Amino acid sequence: MGKEALRQLPSVYDPHEVEGNIYAFWEKGGFFHGDVSAPGEVFTVVIPPPNVTGELHMGHALNNTLQDILVRWRRMQGYVTSWIPGTDHAGIATQIKVEADLRKEGLTRHDLGREEFLKRVWEWKEKYGGRIIHQLRRLGASCDWERERFTLDEGCSRAVREVFVDLYNKGLIYQGDYITNWCCECNTALSDIEVEHNDVEGKLYHIKYPMVEGDGWIVVATTRPETMLGDTAVAVNPDDERYRHLVGEQVILPLMDRPIPIIADDFVDPEFGTGMVKVTPAHDPNDFDMGQRHGLDQIKVIGPDGKMTEEAGPYAGLAVLECRRRVVEDLDKAGLLLKVEDHLHAVGHCYRCHSMVEPLVSRQWFVKMKPLAGPAIAAVVDGRIRFVPERFTKTYLNWMENIRDWCISRQLWWGHRIPVWYCQSCGETIAAKEDPEECPKCGSRDLVQDPDVLDTWFSSALWPFSTLGWPEETPELARFYPTSVLVTGFDIIFFWVARMILMGLEFMGDIPFHHVIIHGLVRAADGRKMSKSLGNGVDPLEVVDEYGADALRYTLTTGVAPGNDLRYQPEKVEASRNFANKVWNAARFALMNLDDFLPGELPAELTLADRWILSRYERVVAEVTRQLERFDLGEAARALYDFIWSELCDWYIELVKPRLYGKEGEKARKGAQAVLYHVLAGSLKLLHPFMPFLTEAIWQYLPGASQTIMLESWPVPEGLEDAEGEAAMAAIMEVIRAIRNIRGEKNVPPGKKISAILFMDAGESPLIRENLAYVQLLAGVESLEQRPKAAARPSKAIAAVAAGIEIYLPLADLVDLEEEKRRLGKELDQAREELARSQGKLANENFISKAPPAVVEKERARYSELQQKIEALTARLAEIEE
RNA sequence: GGGGAAGUAGAUCAGUUGGUUAGAUCGCCAUCUUGACAUGGUGGAGGCCAAGGGUUCGAGUCCCUUCUUCCCCA
């Protein structure tokens, strides 16, 4: 590209012009695909499959940006990389959506029938299901699209059957009548973790239960009086002296006129209410357990529709809350309601529809978890799987160690149908991988399949190997399993992460991933959760439209501190957009000066500025790599930002301008080009995982550029670190800042050149002395003189001390002696304070003997520099006084 | 009740083997269109790092207690 064309590159980076084309270019180039037969180390990630019905939200944007950064980084490092995308069929969520559509037509799923309904869901999925996957492309996600999967596709479905039947045959899946959480809205059972407990303002009702013998009565306290209709006992704590004598007696259950026993059970908390509780085994999980221990009847008074059953006698047909009102009223009339207190208690709600959950006894399928949990605990305890940040290990282990059986059947239609058939002739139960034709026991063909489907999370638990072709022994499975990292939010550690670990170990005999990277939530600017009901959600695609994908990615990444939530603030996106523009312009500047350049070796002779920027660059290479290795992507991004903006743009580019403009000869120009190119190209590579579009767009303009920056090799330090160069440059920068500071304070116009006299001794680093031209260049100094410290100071001048160098600016007309005295006095005070602190440290025997020598040495140097500074300032003040 | 996170400049947040002279972004003040960038440059103001104790030569960083906010589990 010629110089003129480059000059016409717009001075403002426009992401819209490039993003779509670049993504298409990458995809067409096949750069995202991990070749299963390629040699080398492998880096595999499976995407947390978004709900197929979903729209991309900020949580997805964050989650997928983080994955993409890791994937792009490892790809550049030469790993054979495959990031496997896909979607989740999301049983309840999807079914609810399609049912809602049907309702608009005045239909229910039952009107259509199972088969017809499923057809509708598939149609719906085909129509909208791809949406979220395409939205990921807008973000720049470098997924291995050839390997895209869906939890309900043929392969994943086979895996589900395989696992179910295998667990069934091992006796780890069983069917039984147990109390489970029932959502009356979704009309299905839920697992324990699908229930969210929220505190609700309720009442605590104290109710009299008359004794069968005599005319005494007892008092029980309950938050759910309507369940008393199904009471089959009253319980007290066996150690409770107050009631010990009553155990074994009977009371009359009011309203139902049924005698029930008083039992003793450790579960009862003597402190709660009256210390006597009613026991309803069919409608409370704790009472259910108690009922099992004491052989109590279960009387189901609430039905799956949320209405009272025939067992509830006169209350049959009432909704639960209505029934509660009536029961309380009737108890009150009968003089059995002693008192009602306000009471805050946790009530279970469905995690999908947020309606109240009813604990009900029903026939469901369960996975026996204890035997599976052992290995899953071991894998984390012994460090084969690591959580990042580590604290989530505790969350995981705590849950795993107290794990309960998993209710996996759902009374839905959309999902993996339970592969169990019942023989209508002989009653045999058949679990089979292939649909059976006839009963293996009696040969009857009259088989009926279990109507229920499996919990969606059952199939997602298999995701790390089902996506790779399991149960087939595919080359992909052999090459890419176990996956490398899993990136996900803390909210699904139990739902998903834990279960993948269980299943991976059970069926692959190996962990599903080595690292679990946990990130937080993206919150609204005010710190609240983004939610549909609050209407405070921000659509990531609108942000991409406005600012570009890179700006959104960078905002999310720099906002991340491991495991913590982050707030989405529009100003931060602006900052990221500005950064992108800064990089664009730095590149534009470089390109304008690289038109006659082709990449090659670094020059043999380096200037101080070159040595400094190369050294700083290598440090940032090491730092970014180190932070990526420890999965702190936020720190990596921030380090890079600071380097590019402050050191590369603010300092190096300014320093290198005269050489690039040819003011110091052709050789100097060539050298500057080589160093600038080296650092710029390297910085772009470092930045690429974070801002893929921008860096690719620039890459395409660089002289001698390869096909794509995506496949460039990740920078590594090449031994260019240079402590001496950094120190000299730091001193010069300090001098420049000191002069700029004075200029600013004295309102010297930037265009006005001034002169400066530096008092420094021959002992100063020659590197500094030889490079004072930088001071002239960047501090607006025209004539610069060096004089020995022994020389006389000019009288009419403004003074400062930086890096042990005394700076005098003879700005005669601007010198106000009184003001100068104040200024110097203030600086002197500050220096003295610091000196005192330093002196304190050095006077401390313990510090000298116990602190590392390097720290002591540093403190000594600081001390003597401060001393010098004070001397100089004092001398200057004395001069003024005269 | 158990576990965890957070409390640092006006706002939002960084700060990981304890060595700091506590940083960034936005905002604020001043100033400047100097041949990459005003989505910019330069300079500046602004913090007893929640409170109290302890360990240490040295604590924003480790330990304990208290207060406040949030999350998970029972």
Side-chain angles (χ1 to χ4, degrees), chain A residues 6-7 9-13 192-193 196-197 269 286 346 389-392 394-395 397-399 402 490-491 493-494 520-521 523 525-529 547 551 555 558-593 626-627 630 632 634-635 637-639 641-642 645-646 649-650 653-654 657 660-661 736-751 778-780 830-831 833-834 837-838 840-852 854-856 858-859 862 866:
Chain A
L6 283 171
R7 285 201 197 287
L9 275 185
S11 67
V12 172
Y13 172 60
D192 296 327
I193 55 177
E196 290 173 349
H197 295 270
D269 173 10
N286 295 315
E390 208 205 329
R391 63 185 140 92
F392 292 104
K394 212 166 174 176
T395 313
L397 288 177
N398 189 46
W399 187 72
N402 298 296
F490 54 72
D491 49 334
I493 291 178
F494 305 144
L521 253 47
R523 295 177 170 274
D526 59 4
R528 291 192 299 178
K529 264 191 188 177
Y547 297 98
T555 301
T558 49
V560 165
N564 288 1
D565 290 349
L566 61 127
R567 297 195 193 195
Y568 174 84
Q569 290 170 301
E571 313 88 72
K572 289 191 193 166
V573 192
E574 271 179 49
S576 300
R577 187 264 325 256
N578 294 353
F579 178 58
N581 194 52
K582 188 76 181 174
V583 175
W584 173 257
N585 275 290
R588 203 164 67 98
F589 167 79
L591 289 167
M592 286 177 186
N593 293 286
R626 186 179 80 90
Q627 296 296 1
R630 52 199 297 280
D632 193 340
E635 276 300 307
R638 287 186 288 268
Y641 181 100
D642 289 342
W645 201 310
S646 312
C649 294
D650 289 348
I653 286 184
E654 293 306 323
K657 276 178 179 174
L660 284 178
Y661 295 155
I736 292 169
R737 285 201 193 94
I739 297 176
R740 282 173 173 175
N741 182 340
I742 293 172
R743 294 184 61 126
E745 277 185 26
K746 297 292 172 191
N747 285 319
V748 180
L778 296 188
Q830 216 170 36
E833 237 174 75
E834 282 177 39
R837 232 181 302 165
S838 179
K841 276 192 192 177
L842 291 168
N844 187 331
E845 272 304 317
N846 284 319
F847 176 69
I848 306 291
S849 58
K850 291 186 182 168
V855 173
V856 178
K858 206 174 150 194
E859 194 59 41
R862 185 170 128 77
L866 281 166

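In what follows, chains are A, B, ... by sequence order, proteins preceding strands, each numbered from 1. In this text the structure is predicted, and so the values were computed from the model without any measurement.
Nucleotides B:G47 and B:U21 have their C1' atoms positioned 14 Å apart, rounded to a whole Å. Taking atom P in both B:G44 and B:U25, one finds a spacing of 14 Å when rounded to whole Å. Rounded to whole Å, the separation between the P atoms of B:U33 and B:U42 comes to 16 Å. Taking atom C1' on both nucleotides, B:U8 is separated from B:A51 by 14 Å, rounded to a whole Å. Rounded to the nearest Å, the gap between the P atom of B:G52 and that of B:A38 is 49 Å. Straight-line distance between the C1' atoms of B:U55 and B:G7: roughly 23 Å, to the nearest whole Å.
Residue-level contact check: A:E859 touches neither bases nor backbone, having no heavy atom under 4.0 Å from any strand. Among the atoms of the strands shown, only primed sugar atoms or phosphate atoms (P, OP1, OP2) are found under 4.0 Å from some heavy atom of A:N564. Nucleic acid contact class of A:A575 (heavy atoms, under 4.0 Å, all strands): sugar-phosphate only. Counting non-hydrogen atoms under 4.0 angstrom, A:R737 reaches the backbone sugars and phosphates but no base. Using a 4.0 Å heavy-atom distance criterion, A:R567 is classed as a sugar-phosphate-only contact. Using a 4.0 Å heavy-atom distance criterion, A:P852 is classed as a base contact. Within the 4.0 angstrom heavy-atom criterion, base atoms lie near A:K850. Residue A:D565 is classed as having no contact, given no heavy-atom separation below 4.0 Å to the nucleic acid. Residue A:A851 is in base contact, counting any heavy-atom pair closer than 4.0 Å across all strands shown.
Taking 3.5 Å as the limit, the base of B:A30 and the side chain of A:E745 contain no donor-acceptor pair of atoms between them.
When the nucleotides B:G15, B:A5, B:U21 are ranked by their closest atom to the side chain of A:E834, B:U21 comes out on top. Side-chain atoms of A:N844 lie closest to B:C57 of the nucleotides B:A14, B:C57, B:U21. For A:D650, the listed nucleotide lying nearest its side chain is B:G41; candidates were B:U21, B:A36, B:G41. Of the listed nucleotides (B:A14, B:A30, B:U12), B:A30 has the atom at the smallest distance from the side chain of A:N747. In the set B:U39, B:U31, B:C26, B:U31 carries the atom at the smallest distance from any side-chain atom of A:P750. Side-chain atoms of A:S11 lie closest to B:C37 of the nucleotides B:C37, B:U25, B:A30. Checked against B:C57, B:A36, B:A14, the side chain of A:E654 finds its nearest nucleotide in B:A36. With distances taken from any side-chain atom of A:K582 to the nucleotides B:G41, B:C57, B:A14, the minimum falls on B:G41.
Using the six-membered ring where Trp is involved, A:F494 and A:W399 have ring planes that are parallel, under 30° apart on the 30 and 60° scheme.
For B:G40, one of the phosphate oxygens OP1 or OP2 lies less than 4.0 angstrom from a side-chain nitrogen or oxygen of A:N578. For B:U39, the OP1/OP2 oxygens have no side-chain nitrogen or oxygen of A:W645 closer than 4.0 Å. Regarding contacts with the backbone of B:G44, a side-chain N or O of A:N741 is found under 4.0 angstrom from either OP1 or OP2. Residue A:Y661 has a polar side-chain atom (N or O) positioned under 4.0 Å from OP1 or OP2 of B:A36. The shortest distance between the side-chain N/O atoms of A:R740 and the OP1/OP2 oxygens of B:G43 is below 4.0 Å. The phosphate of B:A36 (OP1 or OP2) has a side-chain N or O of A:K657 nearer than 4.0 angstrom. The phosphate of B:G2 (OP1 or OP2) has no side-chain N or O of A:K394 nearer than 4.0 angstrom. In terms of phosphate contacts, A:K746 brings no side-chain nitrogen or oxygen within less than 4.0 Å of OP1 or OP2 of B:G44. OP1 or OP2 of B:G43 has not a single side-chain nitrogen or oxygen of A:R743 nearer than 4.0 Å.
Of the possible polar contacts, none joining the A:R523 side chain to the A:Y568 backbone as a donor-acceptor pair under 3.5 Å is found. Looking only at distances, no side-chain donor or acceptor of A:D632 sits under 3.5 Å from a matching main-chain atom of A:Q627.
If you check B:A30 for Watson-Crick or wobble pairing at under 3.5 angstrom, you find it paired to B:U42. When both pairing distances are held under 3.5 Å, B:C49 makes no Watson-Crick or G-U pair with any nucleotide shown. B:A5 is paired with B:U69 under the Watson-Crick or G-U wobble criterion, all donor-acceptor distances under 3.5 Å.
Counting to the nearest Å, the C1' atom of B:C70 and the CG atom of A:D526 are 14 Å from each other. Atom CD in A:E196 sits roughly 8 Å away from atom P in B:C72 (whole-Å rounding). Residue A:L842 contributes atom CG, which lies 12 Å from atom C1' of B:G58 at whole-angstrom precision. We find that CG of A:L566 is positioned 9 Å from P of B:A14, with the value rounded to whole Å.
A:I653 is listed as a side-chain neighbour of A:F589, based on a closest heavy-atom distance under 4.5 Å.
Summary of the strand contacts: A:F494 and A:R577 both lie near RNA chain B, and taking for each the nucleotide with the nearest heavy atom, the more 5' one is attributed to A:R577. Residue-to-nucleotide proximity on RNA chain B shows that, of A:K572 and A:V12, the 5′-proximal contact is made by A:K572.
Residues A:P562 and A:R391 come closest through the heavy atom pair O-NH2, 3.4 Å. The heavy-atom pair separating A:L842 from A:V856 by the smallest distance is CD2-O, 4.4 Å.
In this structure, OG1 on A:T555 lies 10.0 Å from CG on A:L566, to the nearest 0.5 angstrom.
For CD of A:E390, the number of neighbouring non-hydrogen atoms (other residues, nucleotides, ligands) closer than 6.0 Å is 12 at most.
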